[in-house]
Amino acid sequence: MARAATTSDAFNAIAEPQRREILLLLRAGERPVTDLAQTLGMTQPQASKHLRVLREVGLVQVRGAGKQRLYGLDARGLHPVREWLGGFEQFWNETFGRLDEYVQDLKQLPKEEPPHDADE
């Protein structure tokens with residue numbers, strides 16, 4: 001069975017850990033492919049391949065600066081991921097709210113004294 005293309009959407013693109021690392025590095029600003037490759041301990045062709053995938057799904061932009069090509073984050077491409085994750089935000093808020101209520105209820109219970117040894 002043929003493997004699904006990783007360039008179909010942002011979800012597939014960020015499923016690869018090295019691509020997520022590239023996005024984290026690009027949050028700090030534009031970088032050339034050689035810098036990204038060196039920082040991540042990969043070859044320049046490997047980094048270029050990952051950047052191509054990220055570019056195709058709209059997560060990375062590239063611009064020429066003299067002889068260099070600088071890659072930068074385009075976080076707008078993460079919008080579908082953010083929307084999907086947002087559905088879980090209400091779940092987590094409700095879960096933590098219930099946990100907080102439980103902890104507050106526990107604090108209201110009278111404290112039990114530790115058992116005493118019969119030998120004392």
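By convention here, the first residue in the shown sequence is residue 1.
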Exercise. Under the side chain to side chain donor-acceptor pair (under 3.5 Å) test, which residues partner Glu94, sequence neighbours left out?
Worked result: Gln90

Problem set entry | Student check: side-chain heavy atoms of Leu40 and Leu25 closer than 4.5 Å | yes

Exercise. If you look only at pairs with a residue in residues 20-31, which of them pass as a salt bridge (Lys or Arg N to Asp or Glu O under 4.0 Å), with sequence neighbours excluded?
Worked result: Glu30-Arg63, Arg31-Asp35

Exercise. Will you find, in the side chains of His79 and Glu83, an N or O donor that is under 3.5 Å from an N or O acceptor?
Worked result: yes

Problem set entry | With Lys67 via side chain to side chain contact (heavy atoms under 4.5 Å, CB included) - residues at least two apart | none

Problem set entry | Side chain to side chain, Ile14 and Val81, heavy atoms closer than 4.5 Å | yes

Problem set entry | Residues that Val62 engages under side chain to side chain contact (heavy atoms under 4.5 Å, CB included), provided they are two or more places apart | Arg55, Arg69, Tyr71

For this session: Is it possible for you to say whether Phe88 and Leu78 belong to one hydrophobic cluster, with membership spreading through side-chain heavy-atom contacts below 4.5 Å?
Result: yes

Problem set entry | Residues that Phe91 engages under side chain to side chain contact (heavy atoms under 4.5 Å, CB included), provided they are two or more places apart | Thr95

Exercise. Can you find a heavy atom in the side chain of Leu73 that is under 4.5 Å from one in the side chain of Leu23?
Worked result: yes

For this session: Kindly write out the residues that satisfy side chain to side chain contact (heavy atoms under 4.5 Å, CB included) with Gln104, not counting sequence neighbours, or none if the list is empty.
Result: Asp100, Lys107

Exercise. Nearest 0.5 Å, what's the CG-OG1 distance between Leu24 and Thr39?
Worked result: 12.5 Å

Problem set entry | More than 12 heavy atoms of other groups within 6.0 Å of Gln38 CD | no

Problem set entry | No-hydrogen, no-angle side-chain donor-acceptor test under 3.5 Å, Ser48 and Gln44 | yes

Problem set entry | Validation row: Val60, Leu51 side chains within 4.5 angstrom (heavy atoms) | yes

Exercise. For Gly72 and Leu26, which heavy atoms make the closest approach, and how far apart are they?
Worked result: C-CD1, 4.1 Å

For this session: Say whether, by atom type as modelled, one donor and one acceptor occur between the side chain of Glu16 and the main chain of Gln18 under 3.5 angstrom.
Result: yes

Exercise. What closest approach, in Å, do Gly77 and Leu59 show between heavy atoms, and which atom pair accounts for it?
Worked result: C-CD2, 3.3 Å

Exercise. Please walk me through it: do Lys49 and Arg19 pass side-chain contact (heavy atoms from CB on, under 4.5 Å)?
Worked result: CA-CA 10 Å; Lys49 197 172 186 180; Arg19 289 190 205 119; over 6 Å; no

Problem set entry | Ala47 versus Ile22, closest heavy-atom pair with distance | O-CD1, 4.5 Å

